Amino acid sequence: MPDKAGAPPRAWQRMLSGRRLDLLDPSPLDVEISDIAHGLARVARWNGQTRGDHAFTVAQHCLVVEQIVRRLKPDADRMLLLMTLLHDAPEYVIGDMISPFKHVMGGDYKVVEGRLHTAIHLRFSLPAETPPGIKKLIKRADMIAAFHEATRLAGFTAAEASTYFGRPRTVTADGLPLVPQPSATVEAAFLARFGELEQAAAALPNGKG
């Protein structure tokens, strides 16, 4: 429905940084890492149906996936790791919709998510679209993380999790940060890891790689 006085519905969100992000036409100039970290550290994975005193958030999941990618590909460059850290970044705006509901929603959700993904990548000097090989690697790490989260936190049996996510063969849960942490702690950890990757880029002769 239109807003009062016949104005079109509001399609933007005000961020704590002061930015106003348009969901229909997001600009890279309105993307701030502080907003991403703050939002993702408050968005619960698994619709909040996880064990622990705190929600297991998307920000913590992203840190887990990035660590898994480093195990799978020890020579990963900072661009690959940054794309991994930000692989679920659009959820700071649209939330973490569980897979069954995504299937119900259909294509519109993916369109909005894709536009946000492109704007975020451009903001941080990444390719507008994740290259296929990198996308496949991140997806593999994402599924490994999902298996461990499902069995450690979300009440899935190993057999049930294997059906939906596959059983990891090379990456165990040992050493992964799977204990849910307070949102402020996770936000700080996410920003710290982002900062490390940005410093790594600045140290390179052309700022890339």
Side-chain angles (χ1 to χ4, degrees), residues 12-23 26-70 78-99 101-102 105 109-110 112-126 130 134-135 138-139 141-146 148-150 152-154 176-199:
W12 54 264
Q13 180 179 351
R14 176 76 65 187
M15 300 296 171
L16 288 181
S17 65
R19 298 290 187 183
R20 193 172 80 170
L21 187 67
D22 188 332
L23 273 68
S27 168
L29 298 177
D30 291 324
V31 173
E32 296 290 346
I33 192 60
S34 60
D35 293 327
I36 293 173
H38 187 81
L40 295 185
R42 285 158 177 76
V43 176
R45 291 268 292 168
W46 307 96
N47 271 353
Q49 298 299 307
T50 50
R51 302 185 179 99
D53 294 333
H54 305 281
F56 187 80
T57 64
V58 174
Q60 193 165 353
H61 164 77
C62 289
L63 290 166
V64 170
V65 175
E66 194 257 349
Q67 189 174 129
I68 291 172
V69 164
R70 281 186 275 144
R78 52 81 49 186
M79 184 172 289
L80 165 56
L81 296 178
L82 188 55
M83 282 190 281
T84 304
L85 187 68
L86 296 172
H87 78 280
D88 278 340
E91 294 178 8
Y92 89 105
V93 178
I94 57 180
D96 181 32
M97 193 178 296
I98 61 173
S99 296
F101 196 58
K102 288 181 182 179
M105 288 292 293
Y109 173 88
K110 284 295 184 182
V112 174
E113 182 182 47
R115 289 173 179 167
L116 288 166
H117 183 271
T118 297
I120 291 165
H121 269 215
L122 294 177
R123 170 65 177 84
F124 300 116
S125 302
L126 297 170
T130 305
I134 293 176
K135 190 172 184 178
I138 294 173
K139 183 62 176 178
D142 194 41
M143 296 297 276
I144 292 171
H148 291 312
E149 292 170 21
R152 295 294 184 99
L153 300 169
L176 295 177
L178 290 169
V179 177
Q181 300 292 318
S183 60
T185 300
V186 177
E187 180 178 346
F190 187 96
L191 285 172
R193 184 58 185 149
F194 178 87
E196 289 170 358
L197 294 172
E198 285 287 279
Q199 286 182 345

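Given the structure is predicted, the values throughout are model-derived calculations rather than measurements.
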Met83, Met79, Lys139 screened by side-chain contact (heavy atoms from CB on, under 4.5 Å) with Ile134, the one that passes: Met83
Would you compute the distance between atom CZ of Arg123 and atom CD1 of Ile33 and round it to the nearest 0.5 angstrom? 8.5 Å
How many angstroms lie between atom CG of Leu16 and atom CD of Gln13, to the nearest 0.5 angstrom? 9.0 Å
For the student: nearest non-hydrogen atoms of Asp30 and Arg20, plus distance: OD2-O, 3.3 Å
Close side-chain approach of Val64 to Pro177, heavy-atom, < 4.5 Å: yes
Atom pair OG1 (Thr185) and NE2 (His54), whose distance is rounded to the nearest 0.5 Å: 7.5 Å
Considering only heavy atoms from C-beta outward, does the side chain of Phe124 approach that of Leu85 to under 4.5 Å? no
Taking all non-hydrogen atoms of both residues into account, name the closest pair between Glu113 and Pro90 and its distance. O-CG, 3.9 Å
His148: partners by ring pair (Phe, Tyr, Trp, His ring centres under 6.0 Å), with sequence neighbours left out: none
Run the salt-bridge test on Arg78 and Glu196 with the 4.0 Å N-O cut-off and return the result as yes or no. no
Shortest non-hydrogen contact between His61 and Ala145, atoms and distance: CE1-CB, 4.0 Å
Checking Gln60 side chain against Val179 main chain: does a donor-acceptor pair fall under 3.5 Å? yes
Grab the two heavy atoms, one from Ala119 and one from Ser27, that are nearest each other, plus how far apart they are. CB-C, 4.3 Å
Show your reasoning for whether side chain to side chain contact (heavy atoms under 4.5 Å, CB included) applies to Glu32 and Met15. CA-CA 9 Å; Glu32 296 290 346; Met15 300 296 171; over 6 Å; no
Using the side chain to side chain contact (heavy atoms under 4.5 Å, CB included) rule, take Leu21 and Tyr92 through it: C-alpha gap first, then chi angles, then the decisive distance, then the call. CA-CA 11 Å; Leu21 187 67; Tyr92 89 105; 3.4 Å; yes
From His117 atom NE2 to Thr130 atom OG1, the distance as rounded to the nearest 0.5 Å: 3.5 Å
Worked verdict on His87 versus Cys62 for side chain to side chain contact (heavy atoms under 4.5 Å, CB included): CA-CA 7 Å; His87 78 280; Cys62 289; 3.9 Å; yes
Note, Glu187 side chain near Thr57 side chain (heavy atom, < 4.5 Å): no
Nearest atoms (heavy-atom pairs only) where Ile94 meets Val112: CG2-CG1, 4.1 Å
Reported OG1-to-CD1 distance for the pair Thr84 and Ile68, which is rounded to 0.5 angstrom: 10.5 Å
Identify the heavy atoms of Ala189 and Leu63 that sit nearest to each other, and give their distance. CB-CD1, 3.9 Å
Candidate pair Leu40 and Phe190, rule side chain to side chain contact (heavy atoms under 4.5 Å, CB included), full reasoning: CA-CA 9 Å; Leu40 295 185; Phe190 187 96; 4.1 Å; yes
Rounded to the nearest 0.5 Å, what separates atom CG in Leu80 from atom CG in Leu126? 10.5 Å
